[in-house]
Chemist: 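Structure in structure tokens, see below.
Note that the structure is predicted; figures quoted are calculated from it, not measured.
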Amino acid sequence: MKSRVLGQGLVVSAQGLGCMGMSDAYGPADDAESIATIHRALDLGVTFIDTADMYGPWTNERLVGSAIAKRRGEVVLATKFGNVRNEKGDFLGVRGDPKYVRACCDASLQRLGVDVIDLYYQHRVDRKVPIEETVGAMAELVLAGKVRHLGLSEAAPDTIRRAHAVHPITALQTEYSVWSRDPERELLATTRELGIGFVAYSPLGRGFLTGRFRSWEFTPGDNRGRYPRFQPENIERNLVIVDAVEAVAQRHGATAAQVALAWVARQGEDVVPIPGTKRVRYLEENVASIDLSLDAQDVAALEAAAPVGATAGERYASMASIDD
């Protein structure tokens, strides 16, 4: 597995593993298969493991913690705080006040069963609390030895600059894929100017870019059915993008997923995709994309089918929690 460097010298595998779907959002959980997937990822050299306290809620951190317990030295462990949920999973808002930051970190350390978190993100920006206060509290965690590096997720350029002035930010995590190219407008330029790494979540478009969803058919518990881009009126329009991905895949004898991941990886050495899966076979397929090289013709075809802003439908039913 190749490696890449995020921001302040954090060396990670060139592709990470997003663990949300193992416990949340995409249908029934299978802890045994999920743990096997994490172990296989480590076997293949995937060191960058991503979770958050809200996934489950709370159960995903415990799952990840149990999976890496005997292999902690092989893992660059990332988790997040800020999205507040109750025991039933209801979303209660966003918090970034210093008291909450400290409490969340301690709780995550306990659930993960570790002494230190390698990369700690603010999952969403709390507009009620100045970012300087939130990052100031996160910086205290670094001084206390509980956290090694700081990150932000879905933060706007101005917020990133203000945060970075308080304490160096190592990574920004934001959705980025062939059908979510908004970071190219300003975010990537900002992170590159400041020397911040870019972690691309949902690089497979929540599975849409694999070609699996050509109609509105979702199992109970699969939240994809709620997203605007997956609604019937938008799926048909967005399939143009999938068709382009599949055409490139056919030329290379690859899968659509591998092409979608190769496109993200090609955007720069500072960009690290973290595709999520809870199945070993999909993990192995994703990791194989590391060896897929797209040429200029491939890239031109993909980007002509999916220019910035062309995707039908918003990323979320409510974009209220996205900093802009």
Side-chain angles (χ1 to χ4, degrees), residues 1-21 37-51 64 67-68 71-80 117-119 121 148-149 151 153 169-178 180-181 183-184 187-188 191-192 195-205 207 209-210 245 248-249 252-296 298-299 302:
M1 172 63 68
K2 301 171 184 176
S3 63
R4 292 188 170 182
V5 181
L6 297 175
Q8 310 303 311
L10 181 62
V11 179
V12 300
S13 51
Q15 184 181 117
L17 174 62
C19 297
M20 180 187 75
T37 300
I38 294 172
H39 288 169
R40 182 60 176 150
L42 297 177
D43 293 342
L44 293 172
V46 176
T47 61
F48 193 27
I49 306 297
D50 184 272
T51 181
V64 170
I68 69 171
R71 304 181 68 170
R72 177 65 179 99
E74 301 173 53
V75 177
V76 178
L77 181 61
T79 191
K80 316 175 198 72
I117 296 163
D118 297 307
L119 177 57
Y121 294 98
R148 291 194 172 104
H149 294 265
S153 180
I169 300 299
T170 289
L172 173 72
Q173 182 174 143
T174 293
E175 184 171 352
Y176 189 32
S177 68
V178 173
S180 291
R181 296 180 59 195
E184 295 173 31
L187 278 177
L188 278 166
T191 56
R192 284 168 177 162
I196 298 171
F198 194 101
V199 176
Y201 78 81
S202 293
L204 297 175
L209 297 173
T210 69
V245 173
V248 172
H252 286 274
T255 67
Q258 289 168 343
V259 168
L261 289 171
W263 181 88
V264 176
R266 198 180 191 275
Q267 301 312 303
E269 289 295 318
D270 56 338
V271 177
V272 178
I274 52 167
T277 185
K278 53 187 172 183
R279 294 182 176 88
V280 171
R281 64 188 179 100
Y282 290 143
L283 169 85
E284 292 176 340
E285 177 184 338
N286 293 344
V287 170
S289 71
I290 293 292
D291 296 321
L292 176 61
S293 296
L294 303 181
D295 60 26
D298 299 326
V299 173
L302 294 172

Chemist: Say you draw a straight line from CG of Leu204 to OG of Ser180; how long is it, rounded to the nearest 0.5 Å?
Modeler: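 Going from the CG atom of Leu204 to the OG atom of Ser180 covers 11.5 Å.
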Chemist: Give the minimum heavy-atom separation between Asp298 and Ser293, together with the two atoms involved.
Modeler: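 Closest approach of Asp298 to Ser293: OD2-O, 4.5 Å.
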Chemist: Starting at OG1 of Thr47, measure out to CD1 of Ile68 and round the result to the nearest 0.5 Å.
Modeler: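 These two atoms lie 11.5 Å from each other.
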Chemist: Using the rule given for side chain to side chain contact (heavy atoms under 4.5 Å, CB included), can you reason through Asp50 versus Tyr201, listing the C-alpha separation, both sets of side-chain angles and the distance that settles it, and then say yes or no?
Modeler: CA-CA 10 Å; Asp50 184 272; Tyr201 78 81; over 6 Å; no
Chemist: Hey, could you give me the OG/CE distance between Ser13 and Met1, rounded to the nearest 0.5 Å?
Modeler: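 Answer rounded to 0.5 Å: 5.5 Å.
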Chemist: Taking all heavy atoms of Gln15 and all of Ser289, pick out the closest pair and write down the distance.
Modeler: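 Answer, listing the atom of Gln15 first, then Ser289: NE2-OG, 3.2 Å.
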Chemist: Is any side-chain heavy atom of Gln267 closer than 4.5 Å to one of Tyr176?
Modeler: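 Tyr176 vs Gln267: side chains touch.
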Chemist: Compare all side-chain heavy atoms of Phe48 with those of Leu119 and state whether any distance is below 4.5 angstrom.
Modeler: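 Yes, at least one pair of side-chain atoms sits under 4.5 Å.
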Chemist: Check Ile290 against Lys2 and note the closest heavy-atom contact, atom names and distance.
Modeler: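 For Ile290 versus Lys2, the nearest heavy atoms are O-NZ, 3.9 Å.
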Chemist: Are Val12 and Val199 close enough that some pair of their side-chain heavy atoms sits under 4.5 Å apart?
Modeler: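 The answer is no; the side chains never approach within 4.5 Å.
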Chemist: Identify the heavy atoms of Gln258 and Ala288 that sit nearest to each other, and give their distance.
Modeler: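 In terms of heavy atoms, the two residues are closest at NE2-CB, 3.5 Å.
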Chemist: Among all residues two or more places apart in sequence or in another chain, which pass the side-chain contact (heavy atoms from CB on, under 4.5 Å) test with Asp43?
Modeler: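 Residues passing side-chain contact (heavy atoms from CB on, under 4.5 Å) with Asp43: Arg40, Arg71.
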Chemist: Please round to the nearest 0.5 Å and tell me the distance separating atom OH of Tyr121 and atom OG1 of Thr170.
Modeler: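 Answer rounded to 0.5 Å: 9.0 Å.
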Chemist: Using the side chain to side chain contact (heavy atoms under 4.5 Å, CB included) rule, pick out the option among Leu188, Leu6, Val264 that qualifies with Phe198.
Modeler: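 Only one option passes, and that is Leu188.
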Chemist: Working note: Val75 + Arg72, criterion side chain to side chain contact (heavy atoms under 4.5 Å, CB included); need CA distance, chi angles, decisive distance, verdict.
Modeler: CA-CA 5 Å; Val75 177; Arg72 177 65 179 99; 4.1 Å; yes
Chemist: For Ala67 versus His39, what's the shortest heavy-atom pair and its separation?
Modeler: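 Scanning both residues, the minimum pair turns out to be O-NE2, 2.8 Å.
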Chemist: Once you round to the nearest 0.5 Å, how far does OG of Ser153 lie from NZ of Lys80?
Modeler: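 So the gap between those two atoms works out to 6.5 Å.
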Chemist: Okay, side chain of Arg148, backbone of Leu10: is any donor-acceptor separation there less than 3.5 Å?
Modeler: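 Looks like no, no N/O pair under 3.5 Å.
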Chemist: May I ask you to test the Asn286-Val46 pair for a side-chain heavy-atom distance under 4.5 Å?
Modeler: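 No, side chains not in contact.
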Chemist: If you look at every heavy atom in Thr210 and Ala256, which pair is closest and at what distance?
Modeler: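 Looking at all heavy atoms of both residues, the closest pair is O-CB, 3.8 Å.
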Chemist: Would you give me the side-chain donor-acceptor pairs under 3.5 Å for residues 271-280, sequence neighbours excluded?
Modeler:
{"from": "Thr277", "atom 1": "OG1", "to": "Arg279", "atom 2": "N", "distance (Å)": "3.2"}
{"from": "Lys278", "atom 1": "NZ", "to": "Tyr26", "atom 2": "O", "distance (Å)": "3.2"}
{"from": "Lys278", "atom 1": "NZ", "to": "Pro28", "atom 2": "O", "distance (Å)": "2.8"}

Chemist: Could you state the interatomic distance from OG1 (Thr51) to CG (Leu77), rounded to the nearest 0.5 Å?
Modeler: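 The OG1 atom of Thr51 sits 8.0 Å away from the CG atom of Leu77.
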